[in-house]
Amino acid sequence: MHTGDILRSIRLTIKATCPLDLQYFPMDKQMCTLEIESFGYTMSDLKFRWEDGEKSVQMSPDVSLPQFNVLGHRQRIVEASLSSGNYSRLLADVQFDRALGYYVIQVYIPSSLIVVMSWVSFWL
C-alpha cells in the first residue's frame with residue numbers, strides 16, 4: 001500500500017547559538033531551543049513529525065561541557081501561523097545548569113588569593 005509518506009534522512013552539522021540570561025550568573029539555568037522548520041513549504045505540502053516519538057531526541061552520555069551540566073531535554077511539535085501560511089516546526093529544548101565548582105576553582109579562589117596577598121603588603 002502506498003501512503004504517500006516520504007522519509008528523508010540526512011546528516012547535518014549545525015552551529016547553533018543560544019541567548020543566555022545571565023541575571024543569576026554563576027548560579028543560573030539556561031534553556032536552549034533548536035527549531036527545524038520549512039520556510040518554503042506550508043503544512044498542506046509538508047508536515048514534520050518526530051519519527052520515534054519521545055525517543056527521537058537523545059542525549060549521548062559522552063556529551064559534557066566544562067561549565068555546564070545537562071539537566072535534560074524535551075521535544076515538541078508546533079504549528080506556526082504566519083501571514084504566508086501555516087508551517088510545521090520541530091523543537092528540541094535542552095536545559096543546562098551552570099557548574100558552580102568550575103567558577104569556584106577558576107574565579108573565586110584566585111580572586112580571593114589576590115585580595116589576601118594585597119592585604120599582606122599593609123601588614124609589612
Side-chain angles (χ1 to χ4, degrees):
M1 291 181 68
H2 299 289
T3 62
D5 290 347
I6 297 174
L7 173 64
R8 181 172 182 197
S9 177
I10 59 173
R11 182 181 176 118
L12 297 174
T13 302
I14 298 171
K15 280 189 179 180
T17 61
C18 180
L20 301 179
D21 180 14
L22 300 175
Q23 181 177 0
Y24 299 108
F25 176 84
M27 292 161 278
D28 57 339
K29 293 183 180 178
Q30 305 294 336
M31 177 77 75
C32 295
T33 303
L34 180 64
E35 299 181 11
I36 302 168
E37 179 178 358
S38 172
F39 290 103
Y41 298 101
T42 61
M43 286 183 58
S44 61
D45 299 323
L46 177 65
K47 189 169 183 179
F48 287 117
R49 67 180 168 91
W50 293 109
E51 182 65 26
D52 293 330
E54 292 296 320
K55 296 181 181 179
S56 295
V57 177
Q58 299 177 4
M59 297 297 293
S60 172
D62 299 337
V63 172
S64 66
L65 298 168
Q67 297 181 21
F68 291 98
N69 301 319
V70 179
L71 295 179
H73 67 281
R74 68 178 180 186
Q75 58 198 38
R76 299 180 284 153
I77 299 174
V78 174
E79 295 179 3
S81 297
L82 305 174
S83 60
S84 59
N86 296 331
Y87 295 88
S88 177
R89 181 183 299 169
L90 298 177
L91 288 94
D93 300 323
V94 180
Q95 187 171 15
F96 298 98
D97 182 17
R98 195 174 300 271
L100 187 59
Y102 176 85
Y103 286 94
V104 169
I105 293 170
Q106 296 292 326
V107 177
Y108 292 120
I109 291 176
S111 298
S112 300
L113 289 174
I114 289 173
V115 169
V116 169
M117 287 172 41
S118 71
W119 289 347
V120 170
S121 68
F122 293 118
W123 292 326
L124 292 179

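None of the values given here were measured: they were computed from a predicted structure.
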Asks: Heavy atoms only: give me the nearest P66-A99 pair and the separation to one decimal.
Replies: O-CB, 4.3 Å

Asks: Are I36 and L46 linked, directly or through intermediate hydrophobic residues, by side-chain heavy-atom contacts shorter than 4.5 Å (ILVMFWY only)?
Replies: yes

Asks: To the nearest 0.5 Å, what is the distance between CD (Q30) and SG (C18)?
Replies: 6.5 Å

Asks: Tell me every residue that passes ring-ring contact (aromatic ring centres under 6.0 Å, His included) with F68, counting only those two or more places apart in sequence or in another chain.
Replies: F96

Asks: Can you list, pair by pair, the side-chain donor-acceptor contacts under 3.5 Å of residues 116-123, counting residues two or more places apart and other chains?
Replies:
unit_1: S118; atom_1: OG; unit_2: V115; atom_2: O; d: 2.6
unit_1: S121; atom_1: OG; unit_2: S118; atom_2: O; d: 2.7

Asks: Working to the nearest 0.5 angstrom, can you tell me the gap between I114 CD1 and I109 CD1?
Replies: 12.5 Å

Asks: Taking atom CD of Q58 and atom NE2 of H73, what is their separation to the nearest 0.5 Å?
Replies: 7.0 Å

Asks: Donor-acceptor pair, distance only, cut-off 3.5 Å: does the side chain of Q67 make one with the backbone of R98?
Replies: no

Asks: How many angstroms lie between OG1 in T33 and CD in Q95, if you round to the nearest 0.5 Å?
Replies: 10.5 Å

Asks: Begin from the C-alpha positions of L91 and L34 and carry the test side chain to side chain contact (heavy atoms under 4.5 Å, CB included) through to its verdict.
Replies: CA-CA 6 Å; L91 288 94; L34 180 64; over 6 Å; no

Asks: I'd like to check the ring-ring contact (aromatic ring centres under 6.0 Å, His included) partners of Y103; sequence neighbours left out, ordered by chain and number.
Replies: F25

Asks: Can you measure from CD (E51) to CG (L90) and round to the nearest 0.5 angstrom?
Replies: 11.0 Å

Asks: Using every non-hydrogen atom in the two residues, find where P26 and L100 come nearest and quote the distance to one decimal.
Replies: CG-CD1, 3.9 Å

Asks: Out of curiosity, does L82 fall in the hydrophobic cluster containing I77 (side-chain heavy atoms, cut-off under 4.5 Å, transitive links)?
Replies: no

Asks: Starting from M27, can I reach V104 by hopping between I/L/V/M/F/W/Y residues whose side chains sit under 4.5 Å apart?
Replies: yes

Asks: List the steps, then state whether side chain to side chain contact (heavy atoms under 4.5 Å, CB included) holds for R76 with R89.
Replies: CA-CA 8 Å; R76 299 180 284 153; R89 181 183 299 169; over 6 Å; no

Asks: Counting only heavy atoms from other residues, nucleotides and ligands, does the tally under 6.0 Å from CD of E35 exceed 12?
Replies: yes

Asks: So which atom in K55 and which in Q75 form the shortest heavy-atom distance, rounded to 0.1 Å?
Replies: N-NE2, 4.2 Å

Asks: Do N86 and T42 meet the criterion of a side-chain donor-acceptor pair at a distance under 3.5 Å?
Replies: no

Asks: Should we say atom CD1 of I10 is surrounded by more than 12 heavy atoms from elsewhere, each under 6.0 Å from it?
Replies: yes

Asks: Would you say M43 ends up clustered with V78 if hydrophobic residues are merged whenever their side chains have heavy atoms under 4.5 Å apart, either directly or through other cluster members?
Replies: no

Asks: Side-chain heavy atoms nearer than 4.5 Å, only ILVMFWY residues, links allowed to pass through others: does that put F48 and W50 together?
Replies: yes

Asks: Kindly compute the distance separating CG (D28) from CG (D97), expressed to the nearest 0.5 Å.
Replies: 8.0 Å

